[in-house]
Amino acid sequence: MSKKKLVLVDGNSIAYRAFFALPLLNNDKGVYTNAVYGFTTMLLKVLDDEAPSHMLVAFDAGKTTFRHKTFNEYKGGRQKTPPELSEQLPLIRELLDAFGIKRYELEQYEADDIIGTLSKQADPKEWDVKVITGDKDLLQLVDEHVHVALTKKGITDMDTYDMKLVEERYGLTPDQIIDMKGLMGDSSDNIPGVPGVGEKTAIKLLKEFGTIEEVLDSIDKVSGKKLKQRLEDNKEQAEMSKKLATIEIKAPVDVKLDSCEFVNEISDKVIKLFKELGFNSLLDRVDSGESEEGDTPTDEIDYEILEEVTMADFGSDAAVVIECLAENYHHGDILGMGIVSEKGKYFIPTDVALKSEAFIEWLEDEKIEKYAADAKQATVSLAWKGIDLKGVKFDALIASYLLNPSDSSHDIASIASRFGLKGVSNNETIYGKGVKQKVPEGKFLSEHIVRKANMLLQVVPRLQESLKKNEQDQLFYDLEMPLSIVLGKMEQQGVQVDVKRLEEMGTELNDQLEKIEAKIFELAGTEFNINSPKQLGEILFEKMQLPVIKKTKTGYSTSADVLEKLKDKHEIVEEILYYRQLGKLNSTYVEGLLKVVNRATEKIHTRFNQALAQTGRLSSIDPNLQNIPIRLEAGRKIRQAFIPSEKNWVVFAADYSQIELRVLAHIAQDDKLIDAFNNEMDIHTKTAMDVFHVEKDEVTSDMRRQAKAVNFGIVYGISDYGLSQSLGITRKEAGQFIERYLKSFPGVKQYMDDIVQQAKQEGYVTTMLNRRRYLPEITSRNFNLRSFAERTAMNTPIQGSAADIIKKAMVEMAKRLEKEKLKTRMLLQVHDELIFEAPKDELEKLEKIVPDVMEHAVQLDVPLKVDYSYGDTWYDAK
DNA sequence: TTAATCACGC
DNA sequence: GACGTACGTGATTAAC
């Protein structure tokens with residue numbers, strides 16, 4: 001096994017160096033950037049030269065350190081850090097975060113001590129360590145496996161010291177560097193040393209005697225009367241100086257070396273930051289610097305445009321790109337197809353492809369393994385053409401998402417640039433955007449598509465390797481890949497809509513809205529746009545003088561919770577709330593849904609985004625079918641418009657009961673919660689019992705309501721503020737409430753503490769099926785950012801595991817329906833709920849199968865419970 | 001075109 | 001005590 005390479009950077013030292021080495025640059029916004037720039041060039045050079053597998057940048061923490069206890073004047077008299085430099089330090093931190101490089105600082109310790117501790121922690125059998133600094137003191141750390149690179153002049157020019165070079169330059173062992181500094185002192189750190197002793201004398205003495213102690217013990221033998229006297233007079237000072245100069249190698253650093261793992265990918269964040277900072281030359285460097293041979297968008301690429309496919313001889317392991325211009329692949333034509341494999345690079349015009357039996361056979365051959373950039377997109381857009389794409393074993397989109405859900409885009413160009421590959425332009429460059437979007441002519445189009453396929457082929461092995469390293473193979477191959485096929489089928493199947501019913505609702509809503517509008521105008525004494533928060537605010541809080549409850553950045557808040565509080569102040573408020581409610585129904589649901597109904601089939605085809613939500617959930621767009629109203633009856637009626645697509649069929653809906661809290665019980669291993677679920681207790685009542693210390697029959701409905709809100713908060717990771725809002729209590733009370741909850745459920749408390757610690761150590765949290773979410777902000781000094789990251793750390797494993805479970809259930813369900821040869825179709829997923837349409841005569845079977853599959857998707861230490869129902873419309877399946 | 005506000009679901 | 005507070009999608013308005 002090859003050794004791991006750890007690079008430790010002395011952040012402050014390098015920042016200082018960079019600042020003073022470079023002229024005071026500033027970018028177009030007037031922000032000083034010279035230190036950041038210098039730091040970045042150093043970083044890029046180190047990444048290039050050292051190719052570290054692990055990396056950490058240490059910073060000095062506060063003003064005082066443990067050394068001040070020894071010597072109050074330590075670092076005294078030092079010039080204050082110039083503000084032009086200190087204002088750049090946060091940017092450097094941001095930069096490191098963008099690079100995904102771990103950074104660390106520790107109260108009472110200096111960066112040196114962190115570096116010393118970590119470098120000595122690294123087992124020489126496993127690690128090679130390289131320290132980057134501008135401070136000679138760190139040379140004391142050099143040993144067989146720890147090397148120190150010292151900046152010479154500028155910042156990128158460095159000498160690497162091993163034991164030999166230290167000996168060569170100083171004639172001393174690394175340990176003796178400390179003694180040297182003890183003797184000669186250090187004016188920059190205000191370490192006194194022995195007056196009159198400089199580097200030369202110090203080295204001479206140490207060569208002769210070995211250490212300060214030995215020098216002092218045998219002062220008699222020192223030659224030179226003056227020197228003798230000076231040593232005699234400054235004995236204690238010399239010893240203290242040595243102590244000050246000694247780097248602590250047992251500092252309480254709570255970083256595991258393995259958590260400093262570093263992957264050298266230039267992320268979008270880095271690019272974005274470089275742009276903000278105006279680092280254009282660096283942009284070019286990261287853009288083209290590391291690309292493979294013949295691999296930039298301007299380099300030529302050799303490919304064949306096929307005018308006919310009689311023999312589909314593309315081999316296996318082929319990258320397939322089915323290009324659609326329309327964002328919505330349910331309608332919109334295929335622009336063309338790109339195939340790249342060992343056999344060659346090809347562009348196939350859509351018409352050529354569609355009339356080639358051989359090619360279609362190739363696409364449909366399960367045994368021919370293919371790679372896709374977006375498998376669901378490719379599958380569904382081909383399905384609309386009657387082609388059943390099969391054999392897709394790798395989807396780059398999903399792989400990229402699993403590796404880091406927070407990356408902003410997972411298209412081929414973005415993935416490629418993260419690996420430092422630049423052989424493909426992004427879609428926007430080729431097609432433009434907005435109104436200017438158009439398909440480029442001839443070669444531009446085919447070349448772009450082929451480049452994509454070509455790049456796909458290159459990134460696949462890299463993505464595979466990363467997945468393996470993260471132990472996400474199973475998650476990818478056994479869960480998300482099969483799920484994408486299932487989702488594609490659900491999308492293409494679509495949901496039948498009762499258009500007439502929707503239109504009726506629309507007419508009715510419009511009538512009502514008109515009436516309410518008239519009434520509001522009358523009450524207000526004037527006409528205005530009720531939909532404009534600005535105008536509404538003016539009417540309510542200026543003209544009508546209602547009390548201002550809350551303000552927003554731009555004016556008065558008119559949100560529902562504010563209006564709710566003003567209800568009894570004026571009749572108009574209730575009318576406005578009602579107007580809002582109906583307005584929302586009409587515009588978003590009635591009109592919105594009608595807009596996306598396929599007029600020929602009267603079906604709606606949503607698209608599930610499988611690579612977006614940070615927690616692992618799905619999302620649904622065009623339209624969003626995961627937020628169809630249910631809470632209020634008026635809205636719930638919208639569901640009457642969702643009907644089965646065949647006669648004598650029903651809508652069948654099954655949902656997990658309290659899946660998140662069950663997952664929490666399991667993950668946290670909280671005995672009380674586990675018991676509660678094992679005994680099929682009402683979980684909110686049980687929570688109320690424990691939090692309020694009352695018996696079951698003493699739980700009032702208000703207690704239960706509050707307990708429910710707390711449970712809600714636990715599941716969604718809301719803050720004390722969030723809870724205070726939902727319960728209408730103060731933040732303090734909400735905080736105490738949460739505390740009481742955690743006291744009542746010590747297992748949960750333990751879990752919450754542990755998971756935050758873990759996130760700090762590893763930099764990410766995981767779900768039951770090893771989905772990851774990185775939380776770089778968990779070490780932020782900004783309270784808000786850090787708190788948010790902490791809550792996310794607690795919440796993501798819960799919500800994400802729940803997402804894992806229902807996804808697994810969906811894959812199993814699809815298999816089961818097929819195996820049992822049922823006609824029932826899965827249509828929608830709404831986070832903890834699956835919606836089917838089913839022939840009535842399959843109901844009996846479904847009532848067994850659906851709960852069975854869903855409840856046994858995974859094995860937890862508490863039972864999973866599924867409720868189900870069915871009816872003639874979605875509304876009736878309640 | 002973009003940001004801000006609001007509202008719907010889980 | 002900061003400061004803006006689960007995740008999404010979508011409609012609307014208003015300023016650019």
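Just so it is clear, the values below take in all heavy atoms, side chains as well, and ignore hydrogens, waters and symmetry mates.
A close approach under 4.0 Å does not occur between any side-chain nitrogen or oxygen of A:S620 and OP1 or OP2 of C:dG8. Contact annotation: A:R631 reaches the phosphate of B:dG9 (side-chain N/O to OP1 or OP2, under 4.0 Å). Contact check, A:K534 against C:dA15: a side-chain N or O comes under 4.0 Å of OP1 or OP2. Distances shown here put a side-chain N or O of A:T554 below 4.0 Å from the OP1 or OP2 atom of B:dT5. An OP1 or OP2 oxygen of C:dT13 is reached within less than 4.0 angstrom by a side-chain nitrogen or oxygen of A:N529. For C:dA14, one of the phosphate oxygens OP1 or OP2 lies less than 4.0 angstrom from a side-chain nitrogen or oxygen of A:Q535.
Atom-to-atom, CG of A:L593 to C1' of C:dA11 comes out at 13 Å; the value is rounded to the nearest Å. B:dG9 atom C1' lies 13 Å from atom CG of A:D655, rounded to whole Å. Spacing between atom CG of A:L661 and atom P of B:dC10 amounts to 15 Å, rounded to whole angstrom units. Nucleotide C:dA6 holds its P atom 11 Å from the CG atom of A:D720, rounded to whole Å. Rounding to whole angstrom units, NZ of residue A:K550 and P of B:dA4 are separated by 16 Å. As a whole-Å value, the separation of A:L723 CG from C:dT5 P is 17 Å. Here the C1' atom of nucleotide C:dC7 and the CZ atom of A:F712 are 10 Å apart, to the nearest Å. In this structure, CG of A:L563 is placed 12 Å from C1' of B:dA7, rounded to the nearest angstrom.
Using a 4.0 Å heavy-atom distance criterion, A:R636 is classed as making no nucleic acid contact. Across all strands shown, A:L585 has no heavy atoms under 4.0 Å from either base or sugar-phosphate atoms. Here A:N795 lies out of heavy-atom contact (under 4.0 Å) with every strand. Nucleic acid contact class of A:L785 (heavy atoms, under 4.0 Å, all strands): none. Among the heavy atoms of the strands, none lies under 4.0 Å from A:N609.
Listed candidates were B:dC6, C:dT12, C:dA6. Nearest to the side chain of A:S557 is B:dC6. The side chain of A:P533 has B:dC6 as its nearest neighbour among B:dC6, C:dC7, B:dC10. In this structure, the nucleotide among B:dC10, C:dG8, C:dA6 sitting nearest to the side chain of A:F788 is C:dA6. Here the nucleotide nearest the side chain of A:K553, chosen from B:dA4, C:dG4, C:dT5, is B:dA4. Picking from C:dA11, B:dC10, C:dC3 the nucleotide with the shortest atom distance to the side chain of A:V830 gives B:dC10. Checked against C:dG8, C:dT13, C:dA11, the side chain of A:Q614 finds its nearest nucleotide in C:dG8. In the set B:dC10, C:dT5, B:dT5, B:dT5 carries the atom at the smallest distance from any side-chain atom of A:T552. With B:dA7, C:dA6, B:dC10 as the candidates, the nucleotide lying closest to the side chain of A:I718 is C:dA6. With C:dA6, C:dT9, B:dA7 as the candidates, the nucleotide lying closest to the side chain of A:R580 is B:dA7. Distances from the side chain of A:S559 to the nucleotides B:dA7, C:dA15, C:dG4 place B:dA7 closest.
In this structure, A:E327 places its CD atom where only 12 or fewer heavy-atom neighbours from other residues, nucleotides or ligands lie under 6.0 Å away. Annotation for A:K878: atom NZ counts as buried by contact number, over 12 foreign heavy atoms lying within 6.0 Å.
The stretch residues 566-578 of chain A has no heavy atom under 4.0 angstrom from DNA chain B at all.
When each of A:Q799 and A:R786 is assigned the nucleotide of DNA chain C with its nearest heavy atom, A:R786 is the one assigned upstream, toward the 5' end.
Interface remark: the A:S719 side chain does form a donor-acceptor pair with the C:dT5 base, using a distance-only criterion of under 3.5 Å. Scanning atom types as modelled, no donor and acceptor separated by under 3.5 angstrom connect the side chain of A:R617 and the base of B:dG9.
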One pair to check against side-chain hydrogen bond (donor to acceptor under 3.5 Å, both in side chains): A:S780 and A:R786. What are the steps and the verdict? CA-CA 5 Å; A:S780 168; A:R786 190 175 64 246; 5.8 Å; no

Give the C-alpha distance, both sets of side-chain angles, the deciding distance and a yes or no for side-chain hydrogen bond (donor to acceptor under 3.5 Å, both in side chains) between A:T507 and A:E504. CA-CA 5 Å; A:T507 323; A:E504 281 165 22; over 6 Å; no

Audit row: A:R773, A:E762, salt bridge (Lys or Arg N to Asp or Glu O under 4.0 Å) steps and yes/no: CA-CA 11 Å; A:R773 182 168 185 184; A:E762 310 289 342; over 6 Å; no

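Using a 4.0 Å cut-off between charged side-chain N and carboxylate O, A:R93 and A:E105 make a salt bridge.
Here the CG atom belonging to A:L523 is positioned 11.5 Å from the CD1 atom belonging to A:I539, to the nearest 0.5 angstrom.
In this structure, A:F737 has its ring center no closer than 6.0 Å to that of A:Y741. Aromatic rings from A:F836 and A:Y870 are positioned such that their centres are separated by 6.0 Å or more.
Distance check on atom P: B:dG9 versus C:dG4 gives 28 Å, rounded to whole Å. On the P atoms, C:dT5 is 11 Å away from B:dT5, given to the nearest whole Å.
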Nucleotide pairing, DNA chain C (Watson-Crick or G-U, distances under 3.5 Å), in dot-bracket with [ ] and |: ......|||||||||.

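Between the side chains of A:E538 and A:Y556, no donor-acceptor pair is found at a separation under 3.5 Å.
At least one cation-pi condition fails for A:R731 and A:Y721: the charged atom is not both under 6.0 angstrom from the six-membered ring centre and inside a 45 degree cone around its axis.
In this structure, A:H605 contributes its side chain and A:E491 its backbone to a donor-acceptor pair below 3.5 Å.
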